[in-house]
Amino acid sequence: MKDYQYFKFDLYTVLPALVFTIAIWFIYTIEVKYNFNFTDLGIRPGKLSGLKGVVFSPFIHADLGHLWSNTIPSLVLITGLCYFYRNISLKVLLLGLFFSGIMTWIIGRPSYHIGASSLIYLLASFLFFKGVFTKHYRMLALSFVVAFFYGSMVWYVLPLKTGISWEGHLSGGVVGLLLAIITKNKLPEKKKYQWETADFNAGDDPFMRQFDEDGNFFELEEEE
């Protein structure tokens with residue numbers, strides 16, 4: 001598969017990110033407009049009923065600041081996932097959300113854990129490590145971009161600040177790393193130059209014929 005066939009910017013590239021963003025803003029609007037409180041739909045460690053948060057918690061936010069801080073990273077990282085890893089993007093999202101939610105339920109404090117931050121940590125971790133593991137120049141470039149813009153998030157996998165779910169952050173980061181290791185993704189074919197092919201003959205190449213056996217350059221006489 002050529003680069004232009006693998007890297008395609010189309011509706012699917014942006015649709016998952018747009019759907020998720022619209023969903024979290026719609027749910028928050030419903031909460032505010034009708035004075036609902038969906039916090040009890042979050043992940044609640046220590047209670048079996050708290051497992052429902054594995055599905056619902058990424059869509060629930062405490063306030064406008066919390067919602068806004070998760071909006072732009074979600075848009076950027078989900079779009080990046082769908083563009084660079086289209087074939088496995090849905091698998092990464094579904095498995096990542098499920099297992100990071102379960103891990104949060106296991107290691108979390110006995111309080112409600114809500115918000116899309118675990119998804120953001122999941123995607124940032126996956127995109128960074130997957131690019132490093134694949135060693136494809138475009139994926140590596142994405143890894144560097146993720147590290148530059150979101151590298152400082154690593155501090156928040158530790159209990160440094162009250163009021164944030166560092167357990168959710170840690171769970172997302174760990175699951176993202178594991179998915180980067182175990183998921184298989186067919187990469188575009190590496191471009192091969194003429195001299196890299198098996199049937200290349202230096203004697204038939206006009207440029208290579210301008211070098212002698214010792215590698216010294218000389219100009220070929222023009223044919224009359």
So, taking the atom named CZ in Phe38 and the one named CD1 in Ile30, what distance separates them when rounded to the nearest 0.5 Å? 7.0 Å
Beyond-backbone contact of Tyr83 with Arg138, side-chain heavy atoms, under 4.5 angstrom: yes
Check the hydrophobic clustering (I, L, V, M, F, W, Y; side-chain heavy atoms under 4.5 Å; chains of links allowed) and say if Ile43 and Ile106 are grouped together. yes
Are Val19 and Ile27 joined in one hydrophobic group, where the rule is that I, L, V, M, F, W and Y side chains link up if heavy atoms are under 4.5 Å apart? no
Report the C-alpha separation of Phe7 and Phe84 in whole Å, then their side-chain angles, then the decisive distance to 0.1 Å, and conclude whether the side-chain contact (heavy atoms from CB on, under 4.5 Å) test is met. CA-CA 7 Å; Phe7 298 103; Phe84 287 90; 3.7 Å; yes
Measure centre to centre between the rings of Phe59 and Tyr28, then say whether the value is under 6.0 Å. no
How about CG on Leu48, more than 12 heavy atoms from neighbouring residues, nucleotides or ligands closer than 6.0 Å, or not? no
Closest approach of His66 to Ser69 (non-hydrogen atoms, all atoms of both residues): O-OG, 2.9 Å
Going from OG on Ser171 to CG on Leu97, what distance comes out if it is rounded to the nearest 0.5 angstrom? 12.0 Å
How long is the span from the CD atom in Glu31 to the CG atom in Asn37, to the nearest 0.5 Å? 6.0 Å
Give the intermediate values and the outcome of side-chain contact (heavy atoms from CB on, under 4.5 Å) for residues Val54 and Phe98. CA-CA 6 Å; Val54 172; Phe98 177 77; 4.0 Å; yes
Would Tyr150 and Val76 satisfy side-chain contact (heavy atoms from CB on, under 4.5 Å), going step by step from the backbone distance to the final call? CA-CA 11 Å; Tyr150 301 108; Val76 172; 3.9 Å; yes
Measure across Tyr12 and Ser89 and return the closest heavy-atom pair with its distance rounded to 0.1 Å. OH-OG, 2.6 Å
Once rounded to the nearest 0.5 Å, what's the spacing between atom OG1 of Thr134 and atom CG of Asn185? 8.0 Å
Do Ile72 and Phe148 belong to the same hydrophobic cluster, where Ile, Leu, Val, Met, Phe, Trp and Tyr are linked whenever their side-chain heavy atoms lie under 4.5 Å apart, directly or via other members? yes
Parallel, tilted or perpendicular for Trp68 and Trp25, by the 30°/60° rule? perpendicular
If you define the side chain from C-beta out and look only at heavy atoms, does anything of Leu51 sit under 4.5 Å from Ile102? yes
Determine, stepwise, if the pair Lys8 / Thr13 fulfils side-chain contact (heavy atoms from CB on, under 4.5 Å). CA-CA 8 Å; Lys8 295 186 293 185; Thr13 308; 5.7 Å; no
Using every non-hydrogen atom in the two residues, find where Ser111 and Pro45 come nearest and quote the distance to one decimal. O-CD, 3.2 Å
Only pairs at least two apart or in different chains count here, so list each salt bridge (Lys or Arg N to Asp or Glu O under 4.0 Å) that has a residue in residues 89-102. none
Pairs under 3.5 angstrom only: tabulate donor-acceptor contacts from the side chains of residues 116-133 to other protein residues two or more places apart or in another chain.
residue, atom, partner, partner atom, Å
Ser117, OG, His169, NE2, 3.2
Tyr121, OH, Met153, O, 2.6
Ser125, OG, Gly173, O, 2.7
Ser125, OG, Leu177, N, 3.1
Lys130, NZ, Ala180, O, 3.1
Lys130, NZ, Thr183, O, 2.5
Lys130, NZ, Thr183, OG1, 3.3

In one Ile/Leu/Val/Met/Phe/Trp/Tyr side-chain cluster, 4.5 Å: Val174, Leu94: no
Which pair of non-hydrogen atoms, one from Thr104 and one from Ser165, has the smallest distance, and what is that distance? CG2-OG, 4.5 Å
Is the backbone N or O of Leu18 less than 3.5 Å from a side-chain atom of Thr21, with the two atoms forming a donor-acceptor pair by type? no
So how far is it from Ile88 CD1 to Leu81 CG, rounded to the nearest 0.5 Å? 7.0 Å
Test your reading of the model: is there a side-chain donor-acceptor pair from Thr39 to the backbone of Ala62, 3.5 Å cut-off? no
Could you pull out the closest heavy-atom pair between Phe20 and Ser74, with the gap in Å? CE2-OG, 3.7 Å
If I compare all heavy atoms of Pro16 with all of Cys82, which pair ends up nearest, and what's the gap? CG-SG, 3.7 Å
Any residue meeting salt bridge (Lys or Arg N to Asp or Glu O under 4.0 Å) with Asp10, in chain and number order, not counting sequence neighbours: Arg86
In this structure, OG1 of Thr79 is separated from CG of Leu15 (nearest 0.5 Å) by 10.0 Å
Leu75 reachable from Leu90 in the ILVMFWY side-chain graph, under 4.5 Å edges: no
Trp105 side-chain N/O to Lys47 backbone N/O, donor-acceptor pair under 3.5 Å: yes
